[in-house]
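These notes concern the structure reproduced below.
The basis for the numbers below is simple: all heavy atoms, side chains too, and nothing from hydrogens, waters or symmetry mates.
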Amino acid sequence: MRLAVTGGPGQLVLSLAERGPALGHEVVAVGPPELDLAAPDDEAVFAALAAARPQAICNAAAHTAVDRAEGERDLAFAINATGAGAVARAAMRLGVPLVHISTDYVFAGDKPTPYVESDATGPTGVYGASKLAGEALVLASGADAAILRTAWVYSPFGANFVKTMLRLAETRDELGVVADQIGCPTSALDLADAVLAVAGNLAANPDPALRGLFHTAGSGTASWADLADAVFAASAGAGGPTARVRRITSAEYPTPARRPANSRLDCTRLAAVHGACLPDWRESVAAVTTRL
């Protein structure tokens, strides 16, 4: 399969570039300046994707700076909503399936149990609102699409929580890490495997059940403090930097955008429909940390 993936050299784009060939797929990155979703134009988006000659498309392009989005509403909506719609319409014109990446931030985070796809949405910030608007535009486009909501993404690439913890531990003995937010840590490498599986299923089978919304995150749950503990345990085993984790509350670490207290995603539907189940987050965190 020849997969075109939109976006700059971020975590998922680079993970797909690594995992695709390893699984026998060709991955073509389509990003700026040819594809600029900050100022999306349907014809320009179509031309850029058509030039890649894809058999499937993954829209990984996104404004993911959650706090910065609060002051960059227009840009966030241009990329995450209008741009997503343009990519979906291009996929429809090309007659190829689309895997669109979304987020746990479409939910308010106040549910006591993991979120399922049919739960009511209620984003509390600009990032989540823009991604939810993007979901709606993808679904309204008529594209042959599956939307994968994911959460707490980390990898050997780009900026992410795991790399931040390792960097800070080089100069600090103790780190305060939020312990009252829980979610499903997700390796972008595991997410890339799921994207490829879903894209392949869409390309091979017209069954409507394979389309629509799917939650796609690492198995198991953790707090940010739990995740930090796992990072430092793996780092210690590999001779890397470590630090003590001091568990703090969200109130002790205020941010411009409010984070969901509960980011847990129930991924049962993805496993049942697409046969994809991401590994336990502890295994993947250890693998990524050791690699770093």
N/O donor-acceptor pair under 3.5 Å between [X] side chain and [Y] backbone:
X      : Y      : answer
Arg73  : Ala69  : no
His274 : Leu210 : yes
Lys131 : Ile101 : yes
Glu70  : Val126 : yes
Gln55  : Arg2   : yes
Gln11  : Ser155 : yes
Asp190 : Leu278 : no
Lys163 : Leu166 : no

So which heavy atom on [X] is nearest to which on [Y], and how close?
X      : Y      : answer
Ala60  : Thr6   : N-OG1, 3.2 Å
Ala56  : Ala199 : CB-CB, 4.1 Å
Ser223 : Arg247 : OG-NH1, 3.8 Å
Val138 : Ala84  : CG2-O, 3.9 Å
Gly220 : Trp281 : C-CD1, 3.6 Å
Ala234 : Thr290 : O-OG1, 4.4 Å

Can you name the one residue among [options] that meets side-chain contact (heavy atoms from CB on, under 4.5 Å) with [X]?
X      : options                        : result
Asp229 : Val177, Val285, Val245, Thr242 : Val245
Pro185 : Val288, Val231, Leu227         : Leu227
Asp266 : Thr113, Asp119, Val116         : Val116

Report whether [X] and [Y] are members of the same hydrophobic cluster (ILVMFWY, side-chain heavy atoms less than 4.5 Å apart, transitive linking).
X      : Y      : result
Tyr115 : Val273 : no
Val178 : Tyr127 : no
Phe161 : Val153 : no
Leu191 : Leu23  : yes
Val198 : Met92  : no

Reported [atom1]-to-[atom2] distance for the pair [X] and [Y], which is rounded to 0.5 angstrom:
X      : Y      : atom1 : atom2 : answer
Thr64  : Leu12  : OG1   : CG    : 11.0 Å
Asn80  : Leu75  : CG    : CG    : 8.5 Å
Leu168 : Asp173 : CG    : CG    : 12.5 Å
Leu139 : Leu213 : CG    : CG    : 5.5 Å
Asp193 : Arg19  : CG    : CZ    : 4.0 Å
Ile57  : Leu202 : CD1   : CG    : 12.0 Å

Asp41, CG: over 12 other non-hydrogen atoms inside 6.0 angstrom: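 Yes, enclosed.
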
Heavy-atom neighbours of Arg291 CZ exceed 12 at 6.0 Å: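 Correct, the count exceeds 12.
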
Close side-chain approach of [X] to [Y], heavy-atom, < 4.5 Å:
X      : Y      : answer
Gln181 : Ser250 : yes
Asp67  : Arg259 : yes
Thr124 : Pro260 : no
Asp104 : Cys184 : no

Side chain to side chain contact (heavy atoms under 4.5 Å, CB included) between Leu16 and His25, intermediate numbers included: CA-CA 9 Å; Leu16 281 166; His25 303 291; over 6 Å; no

CA sep, side-chain torsions, deciding dist, call: Thr216, Val195, side chain to side chain contact (heavy atoms under 4.5 Å, CB included): CA-CA 9 Å; Thr216 312; Val195 166; over 6 Å; no

Candidate pair Phe157 and Leu189, rule side chain to side chain contact (heavy atoms under 4.5 Å, CB included), full reasoning: CA-CA 10 Å; Phe157 315 113; Leu189 294 165; 4.2 Å; yes

Hey, can you pull the donor-acceptor pairs under 3.5 Å for the side chains in residues 42-54, sequence neighbours left out?
unit_1, atom_1, unit_2, atom_2, d
Asp42, OD1, Arg89, NH2, 3.0
Asp42, OD2, Arg89, NE, 2.7
Glu43, OE2, Arg93, NH1, 3.0

Pair Asn59-His100, side-chain donor/acceptor within less than 3.5 Å: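 A donor-acceptor contact under 3.5 Å links the two side chains.
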
Residues Glu117 and Arg149 bridged, charged N to O under 4.0 Å: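 Arg149 and Glu117: not salt-bridged.
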
Partner set under salt bridge (Lys or Arg N to Asp or Glu O under 4.0 Å) for Arg167, not counting sequence neighbours: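 None.
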
Mutual orientation of the aromatic rings belonging to Phe107 and His215 [parallel < 30°, tilted 30-60°, perpendicular > 60°]: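 The rings of Phe107 and His215 stand perpendicular, inter-plane angle above 60°.
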
With Glu252 via side chain to side chain contact (heavy atoms under 4.5 Å, CB included) - residues at least two apart: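 If we apply the side chain to side chain contact (heavy atoms under 4.5 Å, CB included) test to Glu252, skipping adjacent residues, the hits are Ile248, Thr249.
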
